[in-house]
Amino acid sequence: MEKRWVQAVQGNKETTDLLAQQLNIDHSLAQILVQRDISTFEEAKDFFRPQMAQLHDPFLMKDMDKAIARIDIALSNHEKILVYGDYDVDGTTSVALTYSFFSQFTENIEYYIPDRHKEGYGISTQGIDYAHKNGQSLIIALDCGIKSVDKVAYANTLGIDFIICDHHLPGDELPAAAALLDPKRNDCSYPFKELAGCGIGFKLAQAYCITHGLPAERYEQYLDLVMVSIAADIVPVEDENRILAYHGLIKLNKNPCMGLKALMDISGRNKDYTLTDVVFVLAPRINAAGRMDHANEAVKMLLCAEDSIALSQSEFINQQNTERKTSDQNITAEALALIADCEILINKKTTVVYHESWNKGVIGIVASRLTEKYYRPTIVLTKSNGLLTGSARSVAGFDLYEALLGCEDLLVQFGGHKFAAGLTMMPENIDAFSERFENIVASSITDDLLCPEIKIDTEIQFSQIDGKFQRIISQMAPFGPHNPAPIFVTHGVSLVAKPYVVATKHLKLNVKQQNSAIFESIGFGLAEFETILQPNQPFSICYTIEENIWKEQRRLQLNIKGIKI
C-alpha cells in the first residue's frame, strides 16, 4: 500500500537559529528539537541527559498515600499478600518488579497471573477465590483492575482488600479498592498520564522507599524491567517514560537481571539494545509464555536468581516463541483468505473476522498483521469459554476505544485505549456488532486516516550528514511513540550501482546526491523498486539515519522508508 508523505510544520525560525547556535548543532537538528517542543538550552539539556532526579513525586498520584499505608499495615500484621497481574509483557514485568521488591520486606507474599485461555483478561473470580483459599487479605493488582467493579466488590465480601495499579481508561464507576493508582482517573492530578502498568508498580516501590528512608537503589534495580514494559506496551516515550527508558536501556546493556540476560543470550543478541530491539527481540519471547501456555513461566524467568535456572527458563520460553510464530502465521493466512474471498469484507472501512478454533493467545498479533495489510480498524475474534473474545487494533489518528464505547451494549466487557483493546461478546451478537462497528467507524473516519503516512521531520542535503550529525541523532534516543527516530527527505538522489533484493522483499542500494559521499542504504519491503529505479534517473527518498553494526564494524546506513520517482 502506497504511503502518504506528510512533512511536519517547521518550528519558529528565530528559536531554531538560537538553539542551533547555543547547542552548536546543525540547523536541521535544531529544527527537529523545536518541532518536539524543545526550544531552550535547559530543555535540550534535560532531553539529551535525562536524570532520575527529574522523576515526579510519586505522592502526587491520587491514593498513593493510601496504598503505602495499607501495605504498611499488611507488613506489620504479617498479612499474606498476593501480587496479581496481566499475562502480557507489561503485566509480567509489573508482577516480577512488585513481587521482587516487596519480597525484601516479607515472606508472606505470592504472585498470580490469570490463565489467558481459562480466565481471560483482568481480575478473575478464580484469582480472588485463590487468594481467599490461601488466606491472602491484600491483593496488589497491576496492569488491570480499573474496570473490575464487580470483582473488587466480591473480594470485599470475603475480607480481601485491593490496591489497584492500572494505566487503562477507567469506566464511569471506580472499583471500591483500598487504593486505586491510575493517572488516567479524572480526579488524579499526577503530571504524567502515560506510564505503563509496570511504571505504576515502579512508582509504588519508589513511594515505599521514600516513606521508609530507603536508598533509591532498592527500586532503581528494576529499571530494566520498566524499560521492557515501556517498549512492549507502545506508550509515549516522553516525560517520565523517556527517563525510565533511557536509564533502563543502560541497565539492560550493562547489568541486566539474570532472566533478561539469559533471554538476550539465547536470542543471539546480547548487547547494544535499543527500544526497537526490545520490541522485536525480547518482548515477543516474554509474551509467548502467556500466548501458548501460562505467563507464570515468564515471571519465573524474570525472577531467576541462578544462571542455570534462568538459562533453562529462557530456553523453554524461546521454544514457546517458535511455536507462537507458526501459530500466528497460520491464523494470519486463514484470516487473509477469509477477507480475500469476500468482496463485502474487502470494501468495508473495518475488518471483523472470526473463527472458533483460532488460538486466543495470538489473535492480537493477527489483528496487527491484518491492520498492516488493509490499514483500517481491525478486530479478530475466536471462541473461548462459550463467549467470543477478540483483540482490536486501530490506525494512527483513530480512537478505537471511542468506537467500541458506541457498541458497549453489545459487549460483555471491553477495555484498552485508543490504539488497542480487548473485548468479549455473546456469540449471537457478532453480526449486530460487526454492523454497528462498521457504521460507527465509516461515519467518523476520514480517507486520509485509511492511508498510512510517513511523517517527515525536515528536508536535508546529503552533505549535512557526517559523524557528528549522526551522534546528535543517536542522543535523541530512545525512540518510540511521541519521540520517533527523525525521518529526513532528500531530493535529487541517484543510484551509484544496480540495486539488488535481499531476503526476497528488501532492497539494498547505494545512493548519492550530486557530488556527495556515497551512502549504503536498505529499504525494508521495497523490493518492487529494484526494476523501477534506473541509472541517471533522479528520485526522492525519505529515510532515517542509522549506525549499522556488522562484525564489530560501525558504518552509517540510510534506512529508506519511501521512494518517489
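Scope of the values below: all heavy atoms of this structure, side chains included, with no hydrogens, waters or symmetry mates. Owing to the predicted nature of the structure, the values given are computational and were not obtained by experimental measurement.
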Any side-chain heavy-atom pair of Trp358 and Val366 under 4.5 Å: no
Looking at Arg242 and Glu240, does any basic side-chain N land under 4.0 Å from a carboxylate oxygen? no
So, does Asn255 use its side chain to make a donor-acceptor pair with the main chain of Lys251 at under 3.5 Å? no
Look at the side chain of Asp224 and the backbone N and O of Cys257, then say whether any donor-acceptor pair between them is shorter than 3.5 Å. yes
With side-chain hydrogen bond (donor to acceptor under 3.5 Å, both in side chains) as the test, would you mind laying out the steps for Ser368 and Arg393 before giving the verdict? CA-CA 6 Å; Ser368 295; Arg393 297 291 182 270; 3.3 Å; yes
side-chain hydrogen bond (donor to acceptor under 3.5 Å, both in side chains), that's the test. Do Gln470 and Glu547 meet it? Break it down for me. CA-CA 8 Å; Gln470 169 55 18; Glu547 198 173 45; 5.6 Å; no
Check this for me: Lys505, atom NZ, are more than 12 non-hydrogen atoms of other residues, nucleotides or ligands nearer than 6.0 Å? no
Quick one: do Lys184 and Glu194 satisfy salt bridge (charged side-chain N to carboxylate O under 4.0 Å, His left out)? Show the steps, please. CA-CA 8 Å; Lys184 291 192 175 81; Glu194 300 297 336; 3.6 Å; yes
Count the heavy atoms belonging to other residues, nucleotides or ligands that lie under 6.0 Å from CG of Asp447, then report whether that count exceeds 12. no
For the pair Phe524 and His506, name the ring-plane relationship: parallel under 30°, tilted 30 to 60°, perpendicular over 60°. perpendicular
Parallel under 30°, tilted from 30 to 60°, perpendicular over 60°: which one fits the rings of Tyr99 and Tyr111? perpendicular
Output the distance between atom CG (Leu244) and atom CD (Glu220), rounded to the nearest 0.5 Å. 9.5 Å
Are side-chain heavy atoms of Thr382 and Ser357 found at a separation under 4.5 Å? no
What I want to find out is whether Glu520 reaches Arg555 closely enough, with some N-O distance under 4.0 Å, to be called a salt bridge. yes
Between Lys418 and Glu402, does any side-chain N to carboxylate O distance fall below 4.0 Å? no
Take Lys261 and Asp307, measure what salt bridge (charged side-chain N to carboxylate O under 4.0 Å, His left out) needs, and give me the verdict at the end. CA-CA 9 Å; Lys261 182 180 185 303; Asp307 278 334; over 6 Å; no
How many angstroms lie between atom CG of Asp277 and atom OG of Ser267, to the nearest 0.5 angstrom? 9.5 Å
Give a yes or no answer on whether the side chain of Gln320 reaches the backbone of Arg285 with a donor-acceptor pair at less than 3.5 Å. no
Does a side-chain heavy-atom distance below 4.5 Å link Val83 with Ser94? no
Less than 6.0 angstrom from the centroid, inside 45 degrees of the normal: does Lys147 satisfy that with respect to the ring of Phe414? yes
Kindly determine whether Val278 and Met227 satisfy side-chain contact (heavy atoms from CB on, under 4.5 Å), including the steps that lead there. CA-CA 9 Å; Val278 172; Met227 177 276 301; 3.8 Å; yes
Can you tell me if NZ on Lys455 sees more than 12 non-hydrogen neighbours from other groups inside 6.0 Å? no
Does atom CD of Glu435 have more than 12 heavy-atom neighbours from other groups under 6.0 Å away? no
Test item: Val380 and Leu370 side chains (from C-beta on) under 4.5 Å apart, heavy atoms: yes
Any donor and acceptor pair, going by atom type alone, linking the side chain of Asp457 with main-chain N or O of Ile487 inside 3.5 Å? yes
Do Cys542 and Trp5 come close enough that some side-chain heavy atom pair is under 4.5 Å? yes
Is there a donor-acceptor contact under 3.5 Å from the side chain of Arg36 to the main chain of Pro484? yes
More than 12 heavy atoms of other residues, nucleotides or ligands under 6.0 Å from CD of Glu428: is that the case? yes
Determine yes or no for a side-chain-to-main-chain donor-acceptor pair under 3.5 angstrom, with Lys193 supplying the side chain and Pro183 the backbone. yes
Approximate separation, where rounding is to 0.5 Å, of Cys165 SG and Tyr84 OH: 14.0 Å
Judged by atom type as modelled, is there a donor-acceptor pair below 3.5 Å linking the side chain of Asn330 to the main-chain atoms of Thr326? yes
Glu546 and Asn559: side-chain hydrogen bond (donor to acceptor under 3.5 Å, both in side chains), yes or no, with the steps? CA-CA 7 Å; Glu546 301 174 344; Asn559 184 334; 2.9 Å; yes
When Val228, Ile234, Asp143 are each screened for side chain to side chain contact (heavy atoms under 4.5 Å, CB included) with Asp90, the one that passes is Asp143
Do Arg376's NZ or CZ and the ring of Tyr374 fall within the cation-pi criteria of under 6.0 Å and 45°? yes
Between the side chain of Thr371 and the main-chain N/O of Tyr375, is any donor-acceptor distance below 3.5 Å? no
Could you check whether any side-chain heavy atom of Leu252 comes within less than 4.5 Å of a side-chain heavy atom of Leu260, counting everything from C-beta outward? yes
Heavy-atom count around Lys118 NZ within 6.0 Å, excluding the residue itself: above 12? no
Do Phe479 and Thr274 have side chains that approach each other closer than 4.5 Å (heavy atoms only, starting at C-beta)? no
Under the side-chain hydrogen bond (donor to acceptor under 3.5 Å, both in side chains) criterion, do Tyr222 and Ser100 qualify, and how do the steps go? CA-CA 9 Å; Tyr222 303 109; Ser100 180; 3.0 Å; yes
Can you tell if the side chain of Leu388 reaches within under 4.5 Å of the side chain of Asn429, non-hydrogen atoms only? no
Just by modelled atom types, is the Glu238 backbone N or O under 3.5 Å from a matching donor or acceptor in the His482 side chain? no
Whether Glu119 side chain and Asp115 backbone form a donor-acceptor pair below 3.5 Å: yes
Give the intermediate values and the outcome of ring-ring contact (aromatic ring centres under 6.0 Å, His included) for residues Phe101 and Tyr219. CA-CA 7 Å; Phe101 177 79; Tyr219 61 89; 7.5 Å; no
